[in-house]
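These figures come from a predicted structure and were not determined experimentally.
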Amino acid sequence: MPNTKEIKNHIKSVRDTQKITNAMYLIASTKMRKAKSELDKTRPYFSALRNEIKRIFRTDKDIDSKYFYPAHGGGTLNGTYACLVITADKGLAGAYNQNVIKETMRLLKEHEDTKLFVVGEYGRQFFSQHHIPIERSFLYTAQNPTMYRAREICAILLDLFDSGKLDKIYIIYTDLKNGLNSEAICTRLLPFHRKQFTTASGGEPDTNAPYEFEFTPSISSVLDNVMQSYVSGFIYSALVDSFCSEQNARMTAMNAANQNAEKIIDQLSVQFNLVRQAAITQEITEVSSGAKAQKLKHSKEG
């Protein structure tokens with residue numbers, strides 16, 4: 001059984017670790033609030049873009065665009081897929097990274113001709129260690145996503161899509177559904193289904209009467225230009241959503257670590273008290289035995 005000094009050192013070590021996990025919890029909380037605030041500031045702009053796309057479809061429902069499935073039929077494109085995978089730069093976030101990797105492996109199993117575009121050091125390391133080829137690795141950090149980075153990713157993916165090298169683009173990220181739960185999801189980024197923009201928010205057809213608009217140079221050109229900004233916004237939203245989910249997962253993991261540290265400290269404190277009481281009892285016994293021995297010695301001498 002360890003002595004009191006060893007137990008004290010163990011308690012001190014656990015408390016030092018607890019200080020680190022508590023600091024990481026507070027840092028993650030601050031980062032998540034800041035990222036959510038930045039996303040909330042940009043959402044009105046992209047909501048307005050979505051409304052403009054709806055307005056275009058109200059004007060001409062049969063408009064032809066490379067970013068949408070054909071108005072009649074289609075929707076079963078088979079060819080080369082692209083998959084934008086968003087992971088974190090480090091661990092200590094529970095199952096956050098593993099869930100994203102699991103979704104990616106599922107897509108690769110279903111469609112082998114898939115090119116990976118990876119954000120985050122964790123994803124880069126995982127695919128490299130498992131000898132899974134990466135088409136493009138975005139070397140900047142997954143921390144603190146910006147609109148500039150989203151536009152850079154969007155430009156690369158759209159260039160390949162426009163040139164016909166990609167038939168579909170998927171994005172795998174972690175969606176923070178509410179303040180408590182998050183889920184790794186795989187969603188198709190391009191091409192879009194028209195009904196995503198021709199129905200109202202409740203899922204019913206948008207029955208608003210069409211308005212008279214002029215489109216220069218053409219309605220297709222305007223739609224293609226708007227879609228580039230919309231896709232950038234979608235990617236930015238996924239980056240921020242993933243970042244918030246990472247911080248939320250880290251907060252949960254660090255909170256669990258703090259609770260475990262408290263349990264360990266309680267157990268060690270009980271153990272420390274038992275060892276100390278045993279030591280005190282032993283000292284009292286030794287003193288009492290010594291006194292009795294001295295008393296017996298004096299009685300014999302007398």
Side-chain angles (χ1 to χ4, degrees), residues 1-40 85-104 118-129 139-146 172-185 238-283:
M1 180 178 290
N3 56 38
T4 55
K5 183 177 180 181
E6 292 174 341
I7 297 175
K8 275 186 176 181
N9 290 337
H10 195 176
I11 291 176
K12 182 178 182 301
S13 176
V14 174
R15 290 195 185 279
D16 290 341
T17 302
Q18 190 179 29
K19 291 178 182 178
I20 296 173
T21 56
N22 188 54
M24 292 181 68
Y25 176 91
L26 296 175
I27 292 171
S29 175
T30 302
K31 286 183 176 180
M32 186 174 70
R33 287 198 301 269
K34 181 180 178 182
K36 277 187 173 181
S37 175
E38 293 296 325
L39 181 61
D40 290 340
V85 183
I86 302 176
T87 64
D89 289 325
K90 54 188 176 182
L92 297 178
Y96 169 81
N97 289 300
Q98 287 80 3
N99 290 337
V100 174
I101 296 297
K102 188 184 299 182
E103 280 295 312
T104 306
V118 182
V119 175
E121 185 62 29
Y122 189 97
R124 288 193 288 269
Q125 293 293 334
F126 176 87
F127 295 123
S128 297
Q129 291 172 4
L139 297 179
Y140 45 71
T141 176
Q143 303 291 310
N144 303 320
T146 63
I172 297 178
Y173 68 103
T174 307
D175 181 26
L176 186 63
K177 294 184 176 298
N178 51 53
L180 298 175
N181 299 319
S182 59
E183 180 184 3
I185 59 175
L239 289 171
V240 176
D241 214 3
S242 293
F243 180 70
C244 291
S245 298
E246 177 195 348
Q247 303 310 317
N248 183 66
R250 184 162 289 115
M251 287 170 59
T252 302
M254 294 302 103
N255 184 53
N258 285 335
Q259 293 177 358
N260 289 335
E262 286 293 340
K263 292 179 181 179
I264 293 174
I265 290 173
D266 290 341
Q267 294 172 357
L268 289 174
S269 297
V270 171
Q271 185 179 3
F272 175 80
N273 290 332
L274 290 174
V275 172
R276 185 179 61 176
Q277 289 171 3
I280 293 173
T281 302
Q282 184 177 356
E283 289 179 3

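Remark: side-chain polar atoms of Asn97 are not paired, donor with acceptor, to backbone N or O of Thr87 under 3.5 angstrom. No donor-acceptor distance shorter than 3.5 angstrom exists from the side chain of Asn255 to the backbone of Met251, with no hydrogens or angles considered.
A heavy-atom distance below 4.5 Å is not found between the side chains of Tyr173 and Leu239.
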Expected list for residues 8-16: side-chain donor-acceptor pairs under 3.5 angstrom, two or more places apart:
{"from": "Asn9", "atom 1": "ND2", "to": "Lys5", "atom 2": "O", "distance (Å)": "3.3"}
{"from": "Lys12", "atom 1": "NZ", "to": "Asp16", "atom 2": "OD2", "distance (Å)": "3.3"}

Return all side-chain donor-acceptor pairs below 3.5 angstrom for residues 23-30, not counting sequence neighbours, or 'none' if the list is empty.
{"from": "Ser29", "atom 1": "OG", "to": "Arg33", "atom 2": "NH1", "distance (Å)": "2.8"}
{"from": "Thr30", "atom 1": "OG1", "to": "Leu26", "atom 2": "O", "distance (Å)": "3.0"}

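Nearest heavy-atom pair across Ala184 and Glu103 is O-CG, 3.8 Å. Minimum heavy-atom separation, Tyr96 to Ser242: OH-O, 3.1 Å. For Asp89 against Glu121, the heavy-atom pair with the smallest separation is OD1-N, 3.0 Å.
From Thr17, atom OG1 reaches atom CD1 of Ile265 across 9.0 Å, with rounding to the nearest 0.5 Å. Note: Asn248 CG to Asp241 CG = 10.5 Å, rounded to the nearest 0.5 Å. Taking CD1 of Ile264 as the reference point, atom OG of Ser269 lies at 11.5 Å (rounded to 0.5 Å). Taken to the nearest 0.5 Å, the CD atom of Gln277 stands 7.0 Å off from the CD1 atom of Ile280. Between the CG atom of Asn260 and the NZ atom of Lys263 there is a distance of 6.0 Å, given to the nearest 0.5 Å.
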**OP:** Report the C-alpha separation of Val270 and Leu274 in whole Å, then their side-chain angles, then the decisive distance to 0.1 Å, and conclude whether the side chain to side chain contact (heavy atoms under 4.5 Å, CB included) test is met.
**Re:** CA-CA 6 Å; Val270 171; Leu274 290 174; 4.2 Å; yes
**OP:** Report the C-alpha distance between Thr174 and Ile86 in whole Å, list the side-chain angles of each, state the deciding distance to 0.1 Å, and finish with yes or no for side chain to side chain contact (heavy atoms under 4.5 Å, CB included).
**Re:** CA-CA 8 Å; Thr174 307; Ile86 302 176; over 6 Å; no
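Not a single side-chain hydrogen bond (donor to acceptor under 3.5 Å, both in side chains) links Asn22 to another residue, sequence neighbours left out. Scored by the side-chain hydrogen bond (donor to acceptor under 3.5 Å, both in side chains) test, Gln98 finds Tyr122 as partners (sequence neighbours excluded). Applying the side-chain hydrogen bond (donor to acceptor under 3.5 Å, both in side chains) rule to Gln259 yields no partners; only residues at least two apart in sequence or on another chain are considered. Listed by chain and number, the residues in a side-chain hydrogen bond (donor to acceptor under 3.5 Å, both in side chains) with Asn258 are Thr21 (sequence neighbours excluded).
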